[in-house]
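Per chain, numbering begins at 1; letters A, B, ... match sequence-line order. The analysis underlying the following values was restricted to heavy atoms, covering all of them including side chains, and did not include hydrogens, waters or symmetry mates.
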Amino acid sequence: DVKVTQSSRYLVKRTGEKVFLECVQDMDHENMFWYRQDPGLGLRLIYFSYDVKMKEKGDIPEGYSVSREKKERFSLILESASTNQTSMYLCASSLTESQGYYEQYFGPGTRLTVT
Amino acid sequence: AQSVAQPEDQVNVAEGNPLTVKCTYSVSGNPYLFWYVQYPNRGLQFLLKYITGDNLVKGSYGFEAEFNKSQTSVHLKKPSALVSDSALYFCANRYNFNKFYFGSGTKLNVKP
């Protein structure tokens with residue numbers, strides 16, 4: 001089974017802090033994703049990476065950055081946390097389109113509260 | 001624009017009755033449509049996908065999806081609901097090189 005793990009289930013940070021959310025997958029997937037989930041809004045894509053050191057902005061990248069130094073690890077960085085970044089953050093991975101598999105596999109999520 | 005819509009925030013059904021969770025899509029070209037389930041305090045789990053072919057696709061846990069091209073819908077169905085099916089359900093559309101657009105989610109409540 002594909003396993004996607006996230007470094008923390010719950011996190012509380014103060015406004016202005018730099019926050020790192022880590023995600024690791026063990027299935028050698030090329031693609032990795034960071035989403036935030038808010039009630040009534042579903043999942044919104046923050047950033048997407050299709051290879052090591054490669055990234056693309058999603059729909060809501062403002063206030064976030066990402067890092068992918070190794071294939072299995074994808075980090076989300078909040079440069080200066082703000083209260084409107086309080087949310088559930090979900091990491092996902094998938095094989096790439098050319099391999100014929102499309103579904104994403106999700107981690108358990110990190111519930112971040114910024115006070 | 002490519003998108004999906006889930007018109008119901010919540011669906012209530014009695015255990016043993018059939019259930020339907022609705023999703024409509026708006027895409028150019030062939031749709032690639034997915035259903036996921038999220039249990040409380042958990043990540044999303046893949047249920048099934050519609051790529052091409054049969055209009056009825058079977059997935060995990062007894063769920064199936066009915067694709068209707070003329071109505072641009074891909075509704076999630078199950079013949080007999082279980083209390084343990086109570087969860088949040090998302091439909092999603094793949095677009096633009098492996099990216100996915102998710103609907104807003106439908107909360108399914110199955111009462112004993």
- [ ] Output the option from Phe90(B), Phe100(B), Tyr32(B) having the highest count of non-hydrogen pairs under 4.5 Å with chain A.
- [x]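 With the most close heavy-atom pairs to chain A, the winner is Phe100(B).
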Open item on the list: Quick check: is Tyr35(A) connected to Met32(A) through a chain of hydrophobic side chains (ILVMFWY, heavy atoms under 4.5 Å apart)?
Closed with: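 Each belongs to a different hydrophobic cluster.
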Task: Hydrophobic cluster identity match, Met54(A) and Phe48(A), side-chain contacts under 4.5 Å - done: yes
Task: Contacts of residues 103-112 of chain B with chain A (heavy atom under 4.5 Å) - done: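 Expected list: Gly103(B), Ser104(B).
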Task: Lys71(A) atom NZ: more than 12 heavy-atom contacts under 6.0 Å - done: yes
Task: Stepwise side chain to side chain contact (heavy atoms under 4.5 Å, CB included) check, Gln37(A) with Gln38(B) - done: CA-CA 11 Å; Gln37(A) 181 182 7; Gln38(B) 185 180 35; 2.7 Å; yes
Open item on the list: With a 4.5 angstrom heavy-atom cut-off, is it the side chain or the backbone of Arg9(A) that approaches chain B, or both, or neither?
Closed with: side chain
Task: Under 4.5 Å from a heavy atom of chain B, the part of Asp59(A) involved - done: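 Interface part for Asp59(A): side chain.
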Task: Side chain, backbone, both or neither of Leu43(A) within contact of chain B (heavy atoms, under 4.5 Å) - done: both
Task: Connected via hydrophobic side-chain network under 4.5 Å: Val74(B) and Val11(B) - done: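 Same hydrophobic cluster.
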Open item on the list: Starting from Leu11(A), can I reach Trp34(A) by hopping between I/L/V/M/F/W/Y residues whose side chains sit under 4.5 Å apart?
Closed with: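 Yes.
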Open item on the list: So for Gln104(A), is it side chain, backbone, both, or neither that comes closer than 4.5 Å to the heavy atoms of chain B?
Closed with: both
Open item on the list: If hydrophobic clusters are built from ILVMFWY residues whose side chains come within less than 4.5 Å, do Val57(B) and Val4(B) share one?
Closed with: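 Yes, because Val57(B) and Val4(B) connect within a single hydrophobic cluster, where side-chain heavy atoms sit under 4.5 Å apart.
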Open item on the list: For Glu79(A), give me all partners under salt bridge (charged side-chain N to carboxylate O under 4.0 Å, His left out), at least two apart in sequence or on another chain.
Closed with: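 Once residues adjacent in sequence are excluded, the partners of Glu79(A) under the salt bridge (charged side-chain N to carboxylate O under 4.0 Å, His left out) criterion are Lys18(A).
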TODO: Pick one of side chain, backbone, both or neither for Tyr89(A), based on which atoms fall under 4.5 Å of a heavy atom in chain B.
DONE: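 Nothing of Tyr89(A), per the 4.5 Å heavy-atom cut-off to chain B.
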TODO: Select one option (side chain, backbone, both, neither) describing which atoms of Gln6(B) are under 4.5 Å from chain A's heavy atoms.
DONE: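 Contact with chain A involves no heavy atom of Gln6(B) at all.
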Open item on the list: For the CZ atom of Phe102(B) and the CG atom of Leu90(A), what is their distance to the nearest 0.5 Å?
Closed with: 9.0 Å
Open item on the list: Let's test your reading of the structure: which of Leu88(B), Ile51(B), Asp9(B) forms the most heavy-atom pairs below 4.5 Å with chain A?
Closed with: Ile51(B)
Task: Crowding at CZ, Arg42(B) (>12 non-hydrogen neighbours, <6.0 Å) - done: no
Open item on the list: Are Tyr36(B) and Phe106(A), when compared by the centres of their aromatic rings, separated by less than 6.0 Å?
Closed with: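 Yes: the rings meet the under 6.0 Å criterion.
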